[in-house]
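For reference, positions follow the sequence shown, starting with 1. Nothing here was measured: the structure is a model prediction, and the numbers come from that model. When reading the values below, keep in mind they use all heavy atoms of this one structure, side chains included, and skip hydrogens, waters and symmetry mates.
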Amino acid sequence: MAFVPMGPEASFFEVLDRHRVSLLATLRRGVREPAGGGTHLASRFEDSVGLQMVSHCTTRKIKSDSPKSVKNFALILKILSMIYKLVQSNTYATKRDIYYTDSQLFGNQTIVDNIINDISCMLKVPRRCLHILSTSKGLLAGNLKYIEEDGTKVSCSCATAVAVPSNIQGIRNLITDAKFLLIVEKDATFQRLLDDNFCSKISPCIMVTGKGVPDLNTRLLVKKLWDTFHIPIFTLVDADPHGIEIMCIYKYGSMSMSFEAHNLTVPAIRWLGLLPSDIKRLNIPKDTLIPLTKRDQMKLDSILKRPYVTCQPFWRKEMDIMADSKMKAEIQALTFLSSDYLSRVYLPNKLKFGGWI
């Protein structure tokens, strides 16, 4: 193994190692956490998988002889024809490539995106099986090596980030000594951790960011890393409803992609921070907090009603704290304690003493 550990002494990872043993034992037993049950629109929640599409969900018909849907029908056939050629020739294209083959016909990128999702759902196959890729926006850093489909060898480092590959299915020979994977909500926080040499100080580890709401490739990468290594995965998000929503997408999936939940979700993910309870515990100055907007409160109410929250009592407690205080905080609020508090104190203590839920 070419990686040379440069991080803290072995005792630092004792709690993390015990957490991994627990995760592996759960996997071997095939044990599921108490199910949230119930249905919601076209999705069913199962804690070991996430949000799944139900078999009796509402469907819609698109007819070639209906004036209302004739154009949409034609566009579906057009894209199906392109997919057929891609599969036959064993080549790949991005959604953007498809749009630009006839931008006037398609009108806008969203129409193409929705049709591709519809086709994937209709055929019950992952999008990559259609030979259609998404352009990656996510970034990756830390203790990881792999070979891309074209043979390119990638060696990630703790100092600089590399782009998440656009064909996750094609990467192979993944190698890591990482003790954990940290998903960072925002690019600014991710870059700050790189600048502070967090990866080197707490080596070996892997860091990933989807730069906000994660794209498909970032979610596929997190899933692949979990399936390959079964190392603990933690999220670092803002203590606000939007951050919680992003964490839920990684952990439980989204309504729009519920038909592909098995390939995208990692229910073993844990919430590391920023927790609403941390705000009071750390005496974060009140003038750094932000009042919840009406939209925030609606989002928080929506999350609290979701079936998976019923099997996450500690999550509910944190969200209740936020709802009662009517305040939210960004990760950057920690800089008011000290400029490097996040990388020097907050994250190391959380990881060493098991401060996740």
Side-chain angles (χ1 to χ4, degrees), residues 1-6 82-101 109 112-113 116-117 120 125-184 187 190-191 193-194 198-200 203-231 233 249-250 257 260 262-266 269:
M1 189 69 100
F3 295 119
V4 179
M6 297 173 59
M82 297 172 73
I83 289 169
Y84 176 77
K85 291 174 183 175
L86 289 170
V87 174
Q88 284 289 94
S89 60
N90 195 30
T91 54
Y92 291 82
T94 65
K95 294 186 295 183
R96 201 70 177 154
D97 293 335
I98 289 176
Y99 168 68
Y100 277 117
T101 59
Q109 183 69 56
V112 173
D113 296 350
I116 290 169
N117 283 342
S120 182
V125 296
R127 188 196 299 164
R128 60 189 174 279
C129 291
L130 305 177
H131 282 230
I132 295 175
L133 307 174
S134 298
T135 303
S136 297
K137 67 168 183 169
L139 296 174
L140 172 66
N143 189 291
L144 181 67
K145 292 182 178 182
Y146 57 88
I147 299 175
E148 293 190 337
E149 187 181 34
D150 64 0
T152 302
K153 294 182 178 180
V154 178
S155 181
C156 302
S157 77
C158 294
T160 57
V162 299
V164 169
S166 59
N167 187 358
I168 302 299
Q169 187 185 32
I171 66 175
R172 62 187 190 277
N173 293 13
L174 288 86
I175 301 171
T176 188
D177 291 321
K179 292 285 189 177
F180 66 93
L181 166 62
L182 180 64
I183 300 170
V184 183
D187 184 38
F190 181 87
Q191 297 297 339
L193 289 173
L194 286 181
F198 173 77
C199 264
S200 296
S203 177
C205 68
I206 300 170
M207 288 200 315
V208 170
T209 181
K211 298 183 180 179
V213 178
D215 61 324
L216 183 65
N217 289 326
T218 303
R219 293 174 63 189
L220 285 168
L221 175 66
V222 170
K223 173 68 171 175
K224 190 175 187 79
L225 291 174
W226 165 251
D227 287 343
T228 306
F229 302 114
H230 292 124
I231 55 175
I233 302 178
I249 290 173
Y250 282 108
M257 297 296 289
E260 206 179 333
H262 284 276
N263 300 308
L264 293 172
T265 61
V266 184
I269 286 173

Side-chain heavy-atom pair [X], [Y] within 4.5 angstrom cut-off:
X	Y	result
Leu221	Tyr146	no
Leu194	Met207	yes
Ile98	Ile116	yes

Euclidean distance, [Y] [atom2] relative to [X] [atom1], rounded to 0.5 Å:
X	Y	atom1	atom2	answer
Leu193	Leu182	CG	CG	7.0 Å
Leu144	Asp177	CG	CG	10.5 Å
Asp215	Leu220	CG	CG	8.5 Å
Glu148	Ser166	CD	OG	7.0 Å
Tyr250	Leu264	OH	CG	11.5 Å
Ile249	Ile269	CD1	CD1	11.0 Å

**OP:** Return the orientation label for the His131 and Tyr92 ring planes: parallel under 30°, perpendicular over 60°, tilted otherwise.
**Re:** parallel

Subject >> Residue pair Gln191, Leu139: steps toward the side-chain contact (heavy atoms from CB on, under 4.5 Å) verdict >> reply: CA-CA 10 Å; Gln191 297 297 339; Leu139 296 174; 3.5 Å; yes

Original post:
Looking only at side chains, do Thr209 and Asp187 share a donor and an acceptor under 3.5 Å apart?
Top reply: no

Subject >> Pair Ser120, Asn117: side-chain N/O donor-acceptor within cut-off below 3.5 Å >> reply: no

Subject >> Salt-bridge contact Lys95-Asp113 (side-chain N to carboxylate O under 4.0 Å) >> reply: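 The answer is yes: the pair qualifies as a salt bridge.
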
Original post:
Quick one: does Lys137's side chain have a donor or acceptor within less than 3.5 Å of a partner on Gly210's backbone?
Top reply: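 The answer is yes, because a donor-acceptor pair under 3.5 Å joins these two groups.
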
Subject >> Ser136 side-chain N/O to Gly138 backbone N/O, donor-acceptor pair under 3.5 Å >> reply: no

Which pair of non-hydrogen atoms, one from [X] and one from [Y], has the smallest distance, and what is that distance?
X	Y	answer
Val164	Asn217	CG1-O, 3.8 Å
Thr160	Ala141	O-CB, 4.0 Å
Lys145	Ser155	CE-OG, 3.4 Å

Subject >> Qualifying residue, where the test is side chain to side chain contact (heavy atoms under 4.5 Å, CB included) with Met82 and the options are Thr101, Asp97, Val87, Leu130 >> reply: Thr101

